[in-house]
Amino acid sequence: MSGPTEDLPRSRSFRSQRLRLHFVDWGNESAPPLVLVHGGRDHARSFDDVALALRGAWHVVAPDLRGHGDSDWAAGGSYALAELVLDLAALVDELGPSPVVLVGHSLGGAVVLHYAGLRPERVAKVVAIEGLGASPAMRAELLAQSAAERLARFVDAVRASDAREPRVYATLDAAAERMREQHPFLSRELALHLARHAARQREDGSWVWKYDPYILTPSAARPDYAGLEALWARIACPVLLVRGATSWASDPVLDGRAAAFRAARLVNVADAGHWVHHERREAFLAALLAFLAE
């Protein structure tokens, strides 16, 4: 990761639904606010290089979603998307009345799009990196499940989490190497940086991931994709959709999902998968900075 010691952000917190939620603040409070929202099993410090590139012109903050990083875990392990949107709403209110720019990756992309549809007057621009969720084919599979199948999947997942022991790593280096096994594009330096903020050290010196395993629990509710697209249609500001050209996610222009937005533009980043901002950082930053300058 780039940046000397003095570039490290300040830790702050806010309250939402009786939880203490952590976020990092990169300073420049007099500038317009910009919020970076990470994806599932990730954390606020995953966006450090993006924050460093933006903080000269923006008041950049990045939250740890509930159940992630240094934020509280939800009692009972409830992590519905509506609750994550609630938390973002609390953070935006914490930042003051100025319209915000929202940038989110994956789960964070879904959160920022939901919030922008809920409170269109509070959002100046929104960027969703691989944040549209299920493709039309995946939607059809999920909608074909019966209520009993969805409920069984939910119950089985929670019971499995109840019985699961956390994965333990003898050293932080070992945790970083595990990340590189799953994401080979990560440099050793970047993997170590991500692991340092993704894991906590136990009293015996070993390391475990900070995120609550219950964040992986599938919902028992039937998806409402028509309602979701109606929410996207409420977004009044410009929208930048960013996709890795080699990602598992389908192209939302070709599959029709992008048509739900009033003013959305898609950027397909070549030679990038799901983690576009890590895999092709310079290309992503170029697209982001051009969009923000418009």
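One is the number of the first residue; the rest follow in order along the sequence.
- If you take NE2 on His278 and CZ on Phe284, they are separated by 10.0 Å, rounding to the nearest 0.5 Å.
- Judged purely by distance below 3.5 Å, without hydrogens or angles, the side chains of Gln201 and Ser206 never pair a donor atom with an acceptor atom.
- Residues forming a side chain to side chain contact (heavy atoms under 4.5 Å, CB included) with Ala51 (at least two apart in sequence, or on another chain): Trp26, Leu36, Val60.
- Defined by atom type and a distance below 3.5 Å, a donor-acceptor pair is present between the side-chain atoms of Arg257 and Ser250.
- Annotation: the span from Leu289 atom CG to Phe291 atom CZ amounts to 12.0 Å, rounded to 0.5 Å.
- What you find for Leu118 and Arg234 is that their closest heavy atoms are O-NH2, 3.3 Å.
- Of the N and O atoms on the side chains of Ser71 and Asp64, not one donor lies less than 3.5 Å from an acceptor on the other residue.
- Residues that satisfy the side chain to side chain contact (heavy atoms under 4.5 Å, CB included) test with Val92, not counting sequence neighbours, are Leu88, Val100, Tyr115, Arg122.
- Looking at Val127 and Val112, their side chains never come closer than 4.5 Å, going by heavy atoms from C-beta outward.
- Judged by distance alone, the side chains of Arg243 and Asn268 do bring a donor and an acceptor atom under 3.5 Å apart.
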Return all side-chain donor-acceptor pairs below 3.5 angstrom for residues 214-223, not counting sequence neighbours, or 'none' if the list is empty.
from, atom 1, to, atom 2, distance (Å)
Tyr214, OH, Asp162, OD1, 2.1
Thr217, OG1, Tyr214, O, 3.0
Ser219, OG, Ala221, N, 3.0

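- In this structure Arg188 satisfies the salt bridge (charged side-chain N to carboxylate O under 4.0 Å, His left out) test together with Asp173, sequence neighbours excluded.
- Between Arg66 and Asp72 there is no salt bridge, since no side-chain nitrogen of the basic residue lies less than 4.0 Å from a carboxylate oxygen of the acidic one.
- Taking the ring-ring contact (aromatic ring centres under 6.0 Å, His included) definition, one finds that Phe261 meets it with Trp232, sequence neighbours left out.
- Centroid-to-centroid, the aromatic rings of His105 and His274 come within less than 6.0 Å.
- Side-chain polar atoms of Asp25 and His59 form a donor-acceptor pair below 3.5 angstrom.
- Summarising the local packing, CZ of Arg20 is surrounded by more than 12 heavy atoms from other residues, nucleotides or ligands at distances under 6.0 Å.
- Residues Val276 and Glu130 have side chains in contact (heavy-atom distance under 4.5 Å, counting atoms from C-beta outward).
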Which is it for Arg281 and Asp49 under the salt bridge (Lys or Arg N to Asp or Glu O under 4.0 Å) test, yes or no, and what are the steps along the way? CA-CA 8 Å; Arg281 181 173 61 202; Asp49 277 332; 2.3 Å; yes
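- Atom-to-atom distance recorded for Asp42:CG and Leu65:CG is 9.0 Å, nearest 0.5 angstrom.
- From Leu91, atom CG reaches atom CZ of Arg15 across 14.5 Å, with rounding to the nearest 0.5 Å.
- Applying the side chain to side chain contact (heavy atoms under 4.5 Å, CB included) rule to His197 yields the partners His43, Arg45, His193; only residues at least two apart in sequence or on another chain are considered.
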Go through Phe47 and His38 one step at a time and tell me if the ring pair (Phe, Tyr, Trp, His ring centres under 6.0 Å) criterion holds. CA-CA 7 Å; Phe47 273 118; His38 66 80; 8.0 Å; no
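- In this structure, the side chains of Leu172 and Leu192 come closer than 4.5 Å at one or more pairs of heavy atoms.
- Looking at every heavy atom in both residues, Val24 comes nearest to Ala44 through CG2-CB, 4.2 Å.
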Give the C-alpha distance, both sets of side-chain angles, the deciding distance and a yes or no for side chain to side chain contact (heavy atoms under 4.5 Å, CB included) between Ile129 and Leu241. CA-CA 6 Å; Ile129 311 161; Leu241 304 175; over 6 Å; no
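- By the neighbour-count criterion of 12 heavy atoms within 6.0 Å, atom CZ of Arg139 is densely surrounded, having more than that number from other residues, nucleotides or ligands.
- Side-chain contact annotation: Tyr79 with Asp212, donor-acceptor N/O pair under 3.5 Å present.
- Side-chain contact of Tyr169 with Trp209: a donor-acceptor pair under 3.5 Å is present, judged by distance alone.
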